[in-house]
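Okay, so here's the structure we're looking at.
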2 protein chains.
Amino acid sequence: MNYRYSAAARNLGSSAVREILKLTQGGDMISLAGGLPAEDLFPLEAVRSAYESVFREDRGVLQYGLTEGYAPLRGTIADRLRHQGMPVSADELLLTTGSQQAIDLICRTLIDPGDAVLVESPTYLAALQVLGSYRAKIIPVDGDEHGMDPDDLERKLALHRPKLLYAVPTFGNPTGHTWSSARRLAVVEACRRHGTPILEDNPYGELSFAPSGQLPPPSLSAVAHSLGCGDLVLYTGTFSKIVAPALRTGWIAADRSLIAVLARAKQAADLHSGTVDQRALEALLRNFDLAGHIAAVSLEYGVRMKRLSAELAARAWEGAVWNEPEGGMFLWLELAPGIETARLLPLALEQGVAFVPGEVFFAGEPRRNTMRLNFTHTPPERVPAAADRLERALAGYRAAASVQS
Amino acid sequence: MNYRYSAAARNLGSSAVREILKLTQGGDMISLAGGLPAEDLFPLEAVRSAYESVFREDRGVLQYGLTEGYAPLRGTIADRLRHQGMPVSADELLLTTGSQQAIDLICRTLIDPGDAVLVESPTYLAALQVLGSYRAKIIPVDGDEHGMDPDDLERKLALHRPKLLYAVPTFGNPTGHTWSSARRLAVVEACRRHGTPILEDNPYGELSFAPSGQLPPPSLSAVAHSLGCGDLVLYTGTFSKIVAPALRTGWIAADRSLIAVLARAKQAADLHSGTVDQRALEALLRNFDLAGHIAAVSLEYGVRMKRLSAELAARAWEGAVWNEPEGGMFLWLELAPGIETARLLPLALEQGVAFVPGEVFFAGEPRRNTMRLNFTHTPPERVPAAADRLERALAGYRAAASVQS
């Protein structure tokens, strides 16, 4: 039959990346496309033991739980956030199915069709998809490797009176960029002046490659709290990158009044997220050296990032530039002007390597000669082969281009 | 700060029941209000052992999973549905966070503000809340204990050209009613003629109190499949009531084209549901006598229902009538005309017993002298006390009414 789809469904955006990822499964493909953490670093034994301990508790573990999430885990997360400069309490937290659901619930609660939302350019693809499905008017704000440009932000806050600003200011996706302290302060102050709340998405912030003890600048939420306007920032985090994605546990830290509305939205969406996962995480955090684990994972990711960067450097592709991110999971590669990575991709897949073309991360005019490379998931010993394959794809692209011209 | 909420947030409806349920926690309160399965019947040891087996598999268990859900579990669910007359394959299934998320994703994918949706009257409260948040025009269809009235349905299909019909035709919530085979056929045929898809919500269908081997009539989905229009029905089920709610695993069975769109909506909503839960369920279904467990649980629920019914009968409240449902979790009690159960509730809470006033389940004009009583969660030995407390509340209500009149 002919289903009559909603406008939301018709505005879910392209599933291009999804289709790419399907192509990259199996065979000899080396995928630098996904945003996957390294499986070999998962604390499998500690997680196994944490799940085991859940079933030593009362039978209530299998009953319906609170929409807000398992209270002791909220308490533990609140403790961690307080240590990171965000003085929130357990009842200012809502647990979600990954931080993806945090983004979705916040949009559902704040965004009507046509509402303006400011984003970085480029920004997280799945946030663009969520905003698209709520038919937000997505306005990209100019920026550079230090963060959003305060002048362009000020202009667009005044012009569009946006409902929300969405950003990944620390080890960002897709660029790996980290906003400077000065930019963080400027953005918080501008949004405060204009009364535009900020959705700060921070899945990668704890994956810092700096020597132990060196942290990235305080979160936008911490900055806002220090200025006495903590309710300006809706902060989301997740255990997906610091423990494991399968546990599907993220959170929103926000003002109590907003958490109450978000909880009602979540109740309509799915009643509550998985309690067994939440209880296992709470047990894990009690019994496991998470800080030590994060340090070890970050160290290895830093090594992997350097390895990828070195392989790119060794090949010295004409016009290619990239950053060496200070943390996170992604390296942002810009090729010579004129090379369209979306057209390069099929050649790369033929050679057995996958990446995400940069253009999908732009709400506005894309820079088509960019790509996002993940360095956390591919075993380091395969990185030279990945770079070789990319090089062959580039050679093929250039040969085809010169034939056409 | 002043958050500017979306229309969806402003239309999430009252959280009255949520507030009631909060009041019923702890103390000596006997709650017949929630829709909770019996904790003492959870197959805790089998579930524990199933989770344990998950961690004997590869490390990939902790990685991101497919949006559609763990493929082997989809295969097992497809097998079960085939045995229930619904010939679907694994790729016509999407796993969700409980069947609540199934309802939400279907509405997100089909409903625009102002779209008409037909529902039973009364119907599942949280479905009304979801429909409200998508700002559907909710149209109640007349019905009785045998199901929707085909004449009223025909009229409203023609008049409103609804996007969807939502129903819980088997051991319904809140009434416990089960549609007859004739009504099922009539509803499927009418919706087919008018091109209105049906969302069949079937969380309770396997909890039958009839002697073993006697099943309720085939699902609307099975009826539609038998007529060659299986794509007319979007069927949702869940393990919440037959295994345990905490595992948060439900599903949608629907036409492949619709599943593809729903999967994109789910990707935006939360990427995917908990993989550990899904893998544990798959292991459980391989190693556990689920059919035997469902039979044992249903037998006990039938006993509990009879116990509650007997306690009500023994008290012979003037004008009180109720059904004895053939399965499920709820008994629908109608008191004498003029008694408003929403005003009775505070007196009942004072006496130490909770229920849900029937009026919240109506999209249209409510029958205010009704209430929903859950009989699965309260230990049977406490049911006489629950009935005594209700009786005292009723006496207090009548005394106050006679003073006022």
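Chain A is the first sequence line, chain B the second, and so forth, proteins listed ahead of strands; every chain is numbered from 1.
- Heavy-atom distances place no part of T96(B) under 4.5 Å from chain A, backbone and side chain included.
- Your options are L232(B), V243(B), L164(B), and the one with the most heavy-atom pairs under 4.5 Å with chain A is L232(B).
- Comparing H377(A), R161(A), R279(A), R192(A) by how many heavy-atom pairs each has under 4.5 Å with chain B, the most go to R161(A).
- Atoms CZ and CG, on R56(A) and L44(B) in that order, are 12.5 Å from each other to the nearest 0.5 Å.
- Rounding to the nearest 0.5 Å gives a distance of 13.5 Å between OH of Y5(A) and CG of D112(B).
- For the pair G35(A) and Y64(B), the tightest heavy-atom approach, listed with the atom from each and the gap, is O-CE1, 3.8 Å.
- Here CG of D270(B) is found 5.0 Å from OG1 of T97(A). Values are rounded to the nearest 0.5 Å.
- Within the 4.5 angstrom heavy-atom criterion, atoms from both the backbone and the side chain of H272(B) approach chain A.
- A donor-acceptor pair is defined here as one N or O able to donate and one able to accept, closer than 3.5 Å; no such pair exists between the side chain of Q129(A) and the backbone of A265(B).
- Of residues 98-107 of chain A, those residues with a non-hydrogen atom less than 4.5 Å from any non-hydrogen atom of chain B are, in numerical order, Q100(A), Q101(A), D104(A).
- The structure places CG of L234(A) at 6.0 Å from OH of Y3(B), a figure rounded to the nearest 0.5 Å.
- Put simply, the side chain of R248(A) does not reach to within 4.5 Å of the side chain of R248(B), judged on heavy atoms.
- Counting heavy-atom pairs closer than 4.5 Å to chain B, the top residue among L258(A), V130(A), T275(A), T249(A) is L258(A).
- No side-chain heavy atom of S6(B) sits under 4.5 Å from any side-chain heavy atom of I111(A).
- Chosen from G250(A), P245(A), A9(A), A8(A), the residue pairing most often with chain B at heavy-atom distances under 4.5 Å is P245(A).
- Proximity to chain A involves both the backbone and the side chain of T109(B), based on heavy atoms less than 4.5 angstrom apart.
- Within the 3.5 Å criterion, the main-chain N or O of P37(B) finds a donor-acceptor partner in the side chain of Q63(A).
- Proximity to chain A involves both the backbone and the side chain of V61(B), based on heavy atoms less than 4.5 angstrom apart.
- Here the side chains of M1(B) and D255(A) are not in contact, with every heavy-atom distance at 4.5 Å or above.
- Residue contact with chain A, scored on non-hydrogen atoms closer than 4.5 Å, involves the backbone and the side chain of E39(B) alike.
- Listed options N2(A), D40(A), L247(A) were ranked by heavy-atom pairs under 4.5 angstrom with chain B; first place goes to D40(A).
- For R59(A) (side chain) and F42(B) (main-chain N/O), a donor-acceptor pair under 3.5 Å exists by modelled atom type.
- Under the 30°/60° scheme for interplanar angles, the aromatic rings of Y51(B) and F55(A) are found to be tilted.
- Among R108(A), R10(A), E52(A), E45(A), the residue making the largest number of heavy-atom pairs under 4.5 Å with chain B is R108(A).
- Between L62(B) and V47(A), some side-chain heavy-atom pair lies under the 4.5 Å cut-off.
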